[in-house]
Amino acid sequence: MTHDIFCRHAKALLAFCDYPAVHYKVKFSLLGTPYEDPELSLLRKDFLKSDIVEEMYQTQEENGGWGRLQSKDYSVKSRIPTSGVGIERCLYIGLTLEDRDILFMAREYLQELLLGTSLEKPWEKNERALPWHRATVCNLMEAISPGSSLCDETWHQWRYIAGRAYEDGEYSYERDRAAQHEVFLTREDRLVPMQSELLLKRREAIDASLEDAMLRHLGGHASRNGHFWDKTPDRLPENFVYNKTRRWFKTFRYINQFRGSGLYLADAVEWLLENACEDGLWDWGPQIKDPWGYFGYFSCNRHYSHNRVVDCTMEVLDFLRQYMENNGVE
C-alpha cells in the first residue's frame, strides 16, 4: 500500500462518477484538499445542493435529530433509521459545522442529551445503560466538534478506567470491573464495553503504550473473532464479490481505529488491492446485503449498479485512507 496507489484508485472514482457529492468527498475527505481551496469552495456549492445533503436537511427533525439516538429495532428499513446513523452519514459525506446548519442542529440535539434537558431517554433500563449511552453521545459530539467541554468528564472517566484496565500493558477484566464499579457505582459483573473510539478522539492526550495495549487486546480479538460478525480478517473469502462482503468492514474499521492497525489488517489491505476491478474500482456485486437494512451513504436508490460501485469504492477508499494515516504509509 502506497499513497500513489491510493491516489490512482481515488482518481479512477472521480473519472467514473461525475456526481458533485462524490467529487467533493474524494477531494476533501480522501485526498485532503484544504477547506479554503478555491476549486473545492466552488465544488462545495454543488455539493451542498446535492440530493443526499438535501435529504439530510429535509428529514432532520426540529430537535436536530432523526428519531431516537439508537434503536433496538434492527429491521427498520428507513434510509436514516436513527439519529446516530444520521449524524454518521453527515460526517461521512463530508459535511462540517460551517456547511448549512445540519450539523449545528445535530450538535444542539446531542448537547440536550448530555445536559439532561432532552425528552429522549436511554431505552435500556440496566445500570450500565447511562454510562454507555453518555459515551455514545460524547463520541458523536467529539466527531462534530472536537474538544467539547461537555465531554471532558466522560472522557476522563474512560481514560482512568482504561489506565486501570491496561495498567501493566495487558488487559485485566478484574481491574476494568473494579474501575467501572468505582467510577459508575455499578455492581454488575457485565461491563460497559471499553470506549476506545471515544478515547482516541483525543489521541494526543493518551500514551502511545495505552493505545498499543488496546490494539493488541481489542484489535486482536476482533481480528480472531470478528466484531459483531463471525467472519474475520484472518478468514477472508477467496473472492471479493460475496453477498456479505460489506459486513467485514465493520470489523476492518474497528481494528483500524488504532495506530499500528497493520499488525492485523495488512493481509486484508492486500486482499482489497488484489480484488480491485480492472478500472481501479470495487464492486460489492449484485448479491450485496446491507448490514442493518438501509442504503449505502451515497446511493439514491438500491437498483443501479452504478450506485453500488460508488458506495463500495468509497467505503474501501475511506478505510484505506485511515489505514495509511494510522500506519505511516507514505
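Positions are given from 1 along the sequence.
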For V192 and P131 the tightest heavy-atom approach is CG2-CG, 4.0 Å
**Prompt:** Do the side chain of R68 and the main chain of P81 share a donor and acceptor less than 3.5 angstrom apart?
**Reply:** no
Nearest heavy-atom approach of L281 to T313 is CB-OG1, 3.5 Å
Residue H23 excluded, over 12 heavy atoms near NE2 under 6.0 Å | yes
With a 3.5 Å distance limit and no angle check, can you tell me whether Q60 reaches the backbone of I102 through a side-chain donor-acceptor pair? yes
- Start with the C-alpha distance between E142 and W155, add both sets of side-chain angles, then the distance that settles side-chain contact (heavy atoms from CB on, under 4.5 Å), and finish with yes or no. CA-CA 10 Å; E142 288 287 296; W155 188 90; 5.7 Å; no
Checklist entry - Are any of the side-chain heavy atoms of N327 and L263 separated by less than 4.5 Å? => result no
Given the ring of F47, does K25 sit roughly above its face, with NZ or CZ under 6.0 Å from the centre of the six-membered ring and within 45° of the axis? no
Exercise for review: Give the intermediate values and the outcome of side-chain contact (heavy atoms from CB on, under 4.5 Å) for residues D152 and R202.
Suggested key: CA-CA 10 Å; D152 286 351; R202 303 183 184 185; 3.0 Å; yes
field: Lys/Arg-Asp/Glu bridge criterion (N-O < 4.0 Å) met for E54, R100
entry: yes
- Check the surroundings of atom CD in E238: do more than 12 heavy atoms from other residues, nucleotides or ligands lie under 6.0 Å from it? no
Pair R216 + D212, salt bridge at N-O below 4.0 Å: yes
Side chains of R134 and L114 in contact at under 4.5 Å (non-hydrogen atoms) = yes
What one should report as the nearest heavy-atom pair of L236 and A268 is CD1-CA, 3.9 Å
Can you tell me if D207 uses its side chain to pair, donor with acceptor, with the backbone of S209 under 3.5 Å?
no
Q) Counting N and O atoms only, with roles assigned by atom type, does the side chain of T33 sit under 3.5 Å from a partner on the main chain of F28, one being a donor and the other an acceptor? A) no
- Message: Quick one about T136 and N139 (side-chain donor to acceptor, distance below 3.5 Å, no hydrogens or angles considered), yes or no?
- Response: no
Closest non-hydrogen contact found for H3 with M324 is CA-SD, 3.9 Å
Sub-4.5 Å side-chain heavy-atom contact between I144 and L140: no
Whether over 12 other heavy atoms sit under 6.0 Å from E127 CD
yes
Sub-3.5 Å donor-acceptor pair from the side chain of E153 to the main-chain atoms of C151, do we have one? no
_Within the structure provided, determine whether E315 and W282 are in side-chain contact (heavy-atom separation under 4.5 Å)._
no
_N256 side-chain N/O to F252 backbone N/O, donor-acceptor pair under 3.5 Å_ = no
Worksheet item: Can you check side-chain hydrogen bond (donor to acceptor under 3.5 Å, both in side chains) on E188 and T186, steps first, answer last?
Response: CA-CA 6 Å; E188 289 188 30; T186 53; over 6 Å; no
Hey, does R203 have a side-chain heavy atom less than 4.5 Å from the side chain of R259? yes
- Query: If you draw the axis of the six-membered ring of Y35, does the NZ or CZ of R44 fall within 45° of it and under 6.0 Å from the ring centre?
  - Reply: yes
- Message: Can a donor-acceptor pair be found, under 3.5 Å and without considering hydrogens, that links the side chain of T245 to the backbone of F240?
- Response: yes
Checking the side chain of W66 only, and the main-chain atoms of I87 only, is there a donor and an acceptor separated by less than 3.5 Å?
no
On a heavy-atom basis, the closest approach of R175 and A165 is NH2-O, 3.3 Å
* To do: For the residue pair E61 and Y109, confirm or rule out a side-chain donor-acceptor distance under 3.5 Å.
  => no
- Message: I'd like to know whether CD of E204 has more than 12 heavy-atom contacts from other residues, nucleotides or ligands below 6.0 angstrom.
- Response: yes
Worksheet item: Can you check whether F249 and W284 have ring centres sitting under 6.0 Å from each other?
Response: yes
Answer yes or no: does atom CD of E62 have more than 12 heavy-atom neighbours from other residues, nucleotides or ligands under 6.0 Å?
-> no
Flag side-chain contact, heavy atom, 4.5 Å: L200 against F258
yes
Can you find a heavy atom in the side chain of I255 that is under 4.5 Å from one in the side chain of S223?
yes
D318 and Q322 side chains, donor-acceptor separation under 3.5 Å: no
For the CG atom on D267, are there more than 12 heavy atoms of other groups (residues, nucleotides or ligands in this structure) within a distance under 6.0 Å? no
Original post:
Are more than 12 heavy atoms from other residues, nucleotides or ligands located less than 6.0 Å from atom CZ of R190?
Top reply: no
Tightest non-hydrogen contact, residues S29 and R321, listed as O-CD, 3.0 Å
- Task: Check whether any side-chain heavy atom of F6 lies under 4.5 Å from a side-chain heavy atom of V329, and answer yes or no.
- Result: no
*Evaluate whether atom CG of D168 has more than 12 neighbouring non-hydrogen atoms of other residues, nucleotides or ligands under 6.0 angstrom away.*
yes
